[in-house]
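Chain letters run A, B, ... following the sequence lines, proteins first and then strands; every chain starts at 1.
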Protein chains: 2
Amino acid sequence: MSNKTIEDIENRIASLLKRSDLSVTESRRKILHLFLEQPGALAHGDIERKAGEKFDRVTVYRTLQAFVDKGIIHTIPTADNSIRYALCKDDCSAGHHHDHHVHFVCSICNNTYCLDDVVTPEIKLPKGYHAEQVEVVVEGVCKNCKGRE
Amino acid sequence: MSNKTIEDIENRIASLLKRSDLSVTESRRKILHLFLEQPGALAHGDIERKAGEKFDRVTVYRTLQAFVDKGIIHTIPTADNSIRYALCKDDCSAGHHHDHHVHFVCSICNNTYCLDDVVTPEIKLPKGYHAEQVEVVVEGVCKNCKGRE
DNA sequence: GTAAAAAGGCAACATAGTTGCAAAATATTC
DNA sequence: GAATATTTTGCAACTATGTTGCCTTTTTAC
């Protein structure tokens, strides 16, 4: 990876933080970096393991909370009760997530992916129920694990 | 409620446990009772509060785990990272859940319902992904809270 | 560069979940 | 229905996860 590219990423991170009214600190840059350098979602534990040597546990919690509040990342509910986080697309903003894509959890590698191109379907509810948000999580075998089973 | 009805429920509970190769104990009867006497799902915390005075925390954990293993109840993933449990329909069996209905979480009363008549839709995944299970959780306003807002 | 504001680190705490083991309850056998 | 084998329970101790208050450090604004 060239220096140019590294600089680009750093600039992207800084502008993302500034746009969100967050001061640019080392922990926030580091954690955003983790999200940008890989395609899938990260569980809190992953982040703590990867950033936890340098930063306090509390800082990780507060950083993730700030990112969610500002619409930089969103949470993904999963059956195993471990919150996962993934970067939002650009149309999310502070206090207002537009997170209408399907999430995919691989049962082999345990990675979580945002399938940005797969929109959540309309669900016909029984009379009296009113839907505000629909979460779809698909479990199965991902692209990378298929064939390697 | 007549004695007849109470006896009926107790019999139903005992036969459900025996069918699942679980011995009939006080804690299991009590916790099953909690599920049968109300329509929605229960969070672990609810169960511990309602059964926890009589039984140890550990017993509640182990009882719920046993029920999930035997296909008596199933878990519902939610965004707030609190596992909820609900009774399975009769076609679930040990180690094999057939849980293809949509779940509904009310944002007002915070109750969770299994919409047994609403089946999870087919999701068209990108090439290379293979779906094994689809979880749909709808958040909104439930039948009972509608109009009372 | 300095002052104000924001974020981080630490400690202490609260909640959630797990494990091993001895005691108690349940099931089984005769 | 009593004795034995099996299962389940409660307890204690532990790990993991998440939160709060306060003081120090870093960042920002001027």
Side-chain angles (χ1 to χ4, degrees), chain A residues 10-11 13-34 41-70 72-73 75-85 94 110 112, chain B residues 10-11 13-34 41-70 72-73 75-85 94 110 112:
Chain A
E10 287 303 324
N11 286 339
I13 286 172
S15 77
L16 191 53
L17 288 172
K18 283 193 182 131
R19 176 153 39 104
S20 306
D21 286 316
L22 292 172
S23 25
V24 181
T25 66
E26 212 189 332
S27 63
R28 287 178 181 163
R29 278 196 280 113
K30 170 68 179 170
I31 290 176
L32 256 187
H33 219 116
L34 292 178
L42 292 170
H44 179 95
D46 298 333
I47 300 161
E48 204 171 306
R49 266 183 296 279
K50 287 179 187 169
E53 286 179 24
K54 284 208 72 175
F55 306 106
D56 195 79
R57 259 164 26 85
V58 179
T59 301
V60 176
Y61 279 106
R62 289 197 270 225
T63 302
L64 290 171
Q65 190 55 55
F67 286 179
V68 172
D69 289 345
K70 296 295 186 177
I72 297 174
I73 60 178
T75 61
I76 304 168
T78 54
D80 68 347
N81 202 27
S82 70
I83 298 186
R84 282 143 197 266
Y85 300 91
N110 208 32
T112 303
Chain B
E10 286 303 323
N11 285 339
I13 286 173
S15 77
L16 191 52
L17 288 173
K18 283 194 180 131
R19 175 151 41 102
S20 306
D21 287 316
L22 291 172
S23 26
V24 181
T25 67
E26 210 189 332
S27 62
R28 287 176 181 163
R29 277 196 279 113
K30 170 69 178 171
I31 290 175
L32 257 187
H33 219 115
L34 292 178
L42 292 169
H44 179 94
D46 298 332
I47 299 161
E48 206 172 303
R49 266 185 295 281
K50 286 180 186 167
E53 285 179 25
K54 282 208 71 174
F55 306 107
D56 195 80
R57 258 163 28 87
V58 180
T59 301
V60 175
Y61 279 106
R62 289 196 272 227
T63 301
L64 291 171
Q65 190 55 55
F67 286 178
V68 172
D69 290 345
K70 297 295 186 178
I72 298 174
I73 60 178
T75 61
I76 304 168
T78 54
D80 68 346
N81 203 26
S82 71
I83 299 187
R84 282 144 198 267
Y85 300 91
N110 207 33
T112 302

Return the value, rounded to whole Å, for the distance between atom CG of Asp21(A) and atom P of dA6(C). 10 Å
What's the shortest heavy-atom distance between Tyr85(A) and His44(A), and which atoms? CE1-CB, 4.2 Å
Polar side-chain atom of Arg29(A) near backbone of Glu10(A) as donor-acceptor pair, under 3.5 Å: no
Can you spot which of Ile47(B), Ile83(B), Ile73(B) makes a side chain to side chain contact (heavy atoms under 4.5 Å, CB included) with Leu42(B)? Ile47(B)
Under-4.0 Å side-chain N/O to phosphate OP1/OP2 contact, Ser23(A) with dA7(C): yes
Quick one: closest heavy-atom pair of Ala51(B) and Lys30(B), and the distance? CB-CG, 4.3 Å
For a quick test of reading the model, state the closest non-hydrogen atom pair linking Leu32(A) to Ile13(A) and the distance between them. CD1-CG2, 3.8 Å
Can you measure Leu17(A) atom CG to dT26(D) atom C1' for me and round it to whole angstrom units? 15 Å
Measure from CD on Gln65(A) to C1' on dA6(C) and round the result to the nearest Å. 17 Å
If I compare all heavy atoms of Arg84(B) with all of Ala41(B), which pair ends up nearest, and what's the gap? CB-CB, 4.2 Å
Nearest non-hydrogen partners of Ser20(B) and Ile72(B), listed with the distance: OG-CD1, 3.5 Å
Which letter, B, S or -, goes with each nucleotide of nucleotides 8-16 of chain C from 5' to 3', with contact meaning a protein heavy atom under 4.0 Å? SBBB----S
Rounded to whole Å, how long is the line connecting atom CZ of Arg29(B) with atom P of dT8(D)? 14 Å
Whole-Å distance, Lys18(A) NZ to dT27(D) P, equals 12 Å
Could you check how far OH of Tyr85(B) sits from C1' of dG17(C), rounded to whole Å? 10 Å
Nearest heavy-atom contact between Ser27(A) and Thr63(A) is OG-OG1, 3.9 Å
Take the C1' atoms of the five end pairs on each side of the helix from dG1(C)-dC30(D) to dC30(C)-dG1(D), get both axes, and report the angle to 10 degrees. 40°
